[in-house]
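Reviewing the structure listed below.
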There are 2 protein chains.
Amino acid sequence: MSRALHSFVASDLATCQTGAVPAVRSARERARAELTRDITDEARRQLEAAGASALSLRAVARELGMASSALYRYFASRDDLLTALIVDAYDALGEVAEAADATRVRGDIAGRWRAVCAAVRSWALAHPHEYALVYGSPVPGYRAPERTIIPASRITVVLAAVVRDAAAAGVLAAGDVGWALEEPLAADAARVADTAMPGVPPHAVVRGLIAWTQLFGIVSFELFGHLTGVVEAPEAFFNASVAMVGTFVGLPGDPGPA
Amino acid sequence: MSRALHSFVASDLATCQTGAVPAVRSARERARAELTRDITDEARRQLEAAGASALSLRAVARELGMASSALYRYFASRDDLLTALIVDAYDALGEVAEAADATRVRGDIAGRWRAVCAAVRSWALAHPHEYALVYGSPVPGYRAPERTIIPASRITVVLAAVVRDAAAAGVLAAGDVGWALEEPLAADAARVADTAMPGVPPHAVVRGLIAWTQLFGIVSFELFGHLTGVVEAPEAFFNASVAMVGTFVGLPGDPGPA
DNA sequence: GCCTCCTTGTGAGCACTGCTCTTGTTAATG
DNA sequence: CATTAACAAGAGCAGTGCTCACAAGGAGGC
């Protein structure tokens, strides 16, 4: 199963990026990769149109002009297809975040932070059902397979890099609050720092994690309607949140929108 | 429709709280209220067992020993039943938050803040599917009716009261950041302050709203598995988050866990 | 008491779902 | 060329939300 997925991803990427290496791929393999992609594309179309639980294998097959049973040659179950869409969504979000980060020079910490956060919100607003699929409540009985954790970490890596670069440039405010972290949390902070933010002090790591949860908390609240009746200008609220939480993390102050 | 719901809620509460007032209610009304409660109870049982999309009207009817079509005499649709469960969930969460708030004396701002936040997390962990139903991605095509907004506001009222009382007691830190809020956000902050936090300066209102989104962001992340592999000690992380975000809002510092 | 209404419960039925299994077909390989 | 493995199709199962015609039984007016 794991191998099957791996080969699928590999051939899929090859099709997408280069389109080359035809000699080693038989017509069947190409057809399989193409049809697999057609299925996920149609499934994503239905997902974006009506949400995850309205996604129907039979409807996908119908739209593709094939028998519904034939679809099970490509995805073992509905959950399997959903997992593919989840991976795609994580990747898409990670990609826009990376792209937003790349629009600013490396030293523009505040600008990068703003850009990445704004990219997350924009992507979520543009792809609400895909965002909900990933950051909403997991569909019942569904447990995220391990293959989702790598694409899922993409966005967190981008956010962590901003904090790390701030610390490396010496512009990260100390932020020590005078009390020690509880032991298990200190261990978590140390491990996270070693993994993604070397050189960042534990308190700042925790603040970064808090900012991470806040970012997705505010986006989810806006998207899922919990802000209606309370915040009428969600974009302004979001911008202020990004700025305030940025300084909370210790990032350099904002010279104003640019 | 609205009247039908209203009468249901009224009779429901009467049954639950006093059990009295039998003279004005016919046997039919009592039977209806009882059966309505039986249905929601069984539905909640199934919800807690397997999640929202596994909730089946037919299964509920089967368990209650009645025809599935009879259930439509009490709830117009599956969404209607889900809405009743959502209202109940909001109410349950609001109740535990109010109860947690009441365990501390009014002047113990930090203790109240901690207690309320911890109550939200505890309730979420104890009722993951009900939490997901409310704060996860809304089920597709489902739009929250207006009747959910009042119970939904219960928890926010509790949180706002803590900030308001802190300001009233003069222990709320200024928290002005030197830059003015964007216009639409300033209007939101003023309105929210007037509604729930009179006397609290705009910047603090916004920080309170940020804390609100952060609270549910971190709980959702823990519950939906986004912390796995990153934070191994979610409770410690949560406690630190509550403390740090509390001071971010301007609440009085924490003299340590009590 | 009686005789309407109106509410309640029933069962059949429709259109749909995920998924399985058998049957035939086609493409790659020895 | 013959074998094998992948593939597509269709029937079918068990389940879903929901509708509708119909039968029982209280509630209220006479």
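Distance B:L57 CG to D:dT19 P: 11 Å, rounded to the nearest Å. Whole-Å rounding puts the A:D79 CG to C:dT17 C1' distance at 14 Å. When rounded to the nearest whole Å, the span between CD of B:E29 and C1' of C:dT8 equals 14 Å. Going from atom CE of A:M66 over to atom P of D:dC7 covers 10 Å, rounded to whole Å. Distance, A:R73 CZ to D:dA6 C1': 7 Å, rounded to whole Å. In this structure, CG of B:D80 is placed 12 Å from P of D:dT19, rounded to the nearest angstrom. Regarding B:Y72, its OH atom lies at a distance of 11 Å from the P atom of D:dT16, rounded to whole Å. Spacing between atom CG of A:L55 and atom P of C:dC16 amounts to 16 Å, rounded to whole angstrom units.
Residue A:R62 has a polar side-chain atom (N or O) positioned under 4.0 Å from OP1 or OP2 of C:dT17.
Residues B:L215 and B:L159 are in side-chain contact: their nearest non-hydrogen atoms beyond the backbone lie under 4.5 Å apart.
Residue B:R28 has its side chain nearest to C:dC6 when only D:dC7, C:dC6, C:dC19 are considered. Checking D:dT16, C:dC19, D:dG10 against every side-chain atom of B:R58, the shortest atom distance belongs to D:dT16. Side-chain atoms of A:S69 lie closest to D:dA9 of the nucleotides D:dA9, D:dC18, C:dC6.
When heavy atoms are screened at a 4.0 angstrom cut-off, A:L71 is found touching no nucleic acid atom at all. Looking at heavy-atom distances under 4.0 Å, B:S56 makes contact with sugar-phosphate atoms alone, never a base.
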